[in-house]
**Student:** 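Mind having a look at this structure? Questions to follow.
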Amino acid sequence: MNIYISCDMEGVDGIVTEKQSSPTGPFYAFAREQITEEVNAAAQGAFDAGATSVLVNDSHWDMTNLLPEKLDPRIEYITGSAKPLSMMQGVDTGIDGVFFIGYHSRAGTWNSTIVHTFSGCVSQFKINGKVYGETGLNAMIAGCFGVPVVMISGDQHVAEEAREYLPWIQTAVVKQGQSAYCARHLSVANARELIRKTAAEAVKIIPEACAYLPSAPYRLEVQYLQAGQADRASMMPGSMRLDGTTLAFDTADYLQAWFAFYTMTALASQAPMV
Ligand SMILES: [Zn+2]
């Protein structure tokens with residue numbers, strides 16, 4: 001049983017501000033320790049329930065957050081960027097189940113901490129008219145390889161977001177979002193224990209879980225915050241400008257939609273903020 005973990009940071013217990021989650025923030029050392037120990041807790045639960053391998057992909061910011069010397073020695077890990085599948089680099093058909101650790105809600109979610117969708121310049125990401133955040137966007141990448149997502153940790157809103165389309169998912173709610181930069185948290189120890197227990201349950205439900213991928217064809221629609229960002233994103237061949245801030249891209253292959261989004265957003269993020 002091979003488990004894959006994509007770990008972000010904004011949904012980790014105790015994290016509410018970029019002063020913690022940014023590599024240049026004054027409290028980043030605390031955040032690195034926390035993300036590493038939450039990953040260890042998830043891996044422990046997975047191994048206890050019969051997993052034979054755990055591969056972790058560091059998926060936050062520049063993707064060099066995990067403290068390698070503190071990781072459970074049974075874990076293999078991916079660090080660094082850029083990587084073609086980004087937060088899902090390393091997922092393939094040999095993986096049996098995916099965990100999302102430290103995940104956050106999609107851009108615009110009310111009372112949820114440090115919400116965004118992949119980049120601060122994206123205000124909305126849609127596939128076939130449905131709005132998704134990183135949870136859905138990445139679940140569909142796993143879906144391309146036939147792999148189900150079986151666990152998520154973060155606040156109550158990201159858990160609810162995941163259940164919208166992954167009804168079998170096991171959720172570890174380590175904090176209750178109270179505003180964009182405020183949450184009520186479990187203690188560090190209790191959050192890790194909850195993640196460990198939830199991970200063990202998640203391994204057990206793999207046989208009943210489904211890979212998530214809506215049927216083709218796909219219309220990707222991305223709304224950027226500013227027209228100048230959409231101007232740059234529109235340089236992506238095949239993209240269509242729908243209005244001042246929104247672009248569309250049609251394809252029969254979800255991975256192509258992903259690469260279009262990744263490329264357009266890389267272009268958009270080069271625009272000067274005004
Ligand atoms: Zn994120």
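Computation of the quantities below employed the complete heavy-atom set of this structure, encompassing side-chain atoms and omitting hydrogens, waters and symmetry-equivalent molecules. When a ligand or atom number is given, it counts from 1 through the structure's own listing order.
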**Student:** Any chance you could lay out the ring pair (Phe, Tyr, Trp, His ring centres under 6.0 Å) test for Phe118 and Trp258, step after step, and finish with the verdict?
**Tutor:** CA-CA 11 Å; Phe118 197 69; Trp258 153 252; 5.5 Å; yes

**Student:** Restricting to side-chain contact (heavy atoms from CB on, under 4.5 Å), what partner residues turn up for Thr36, sequence neighbours left out?
**Tutor:** Asn40, Leu66, Leu67, Lys70, Leu71

**Student:** Specify whether an N/O/S atom of Glu134 falls short of 2.8 Å from the Zn ion (ligand 1).
**Tutor:** yes

**Student:** Looking at Glu160 and Arg163, is any side-chain nitrogen of the basic one under 4.0 Å from a carboxylate oxygen of the acidic one?
**Tutor:** no

**Student:** What residues form a ring pair (Phe, Tyr, Trp, His ring centres under 6.0 Å) with Phe125, not counting sequence neighbours?
**Tutor:** Phe261

**Student:** Is any N, O or S atom of His104 under 2.8 Å away from the Zn ion (ligand 1)?
**Tutor:** yes

**Student:** If I consider every N, O or S atom in Asp8, which one ends up closest to the Zn ion (ligand 1)? I only need its name.
**Tutor:**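 Closest to the Zn ion (ligand 1) among those atoms: OD2.
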
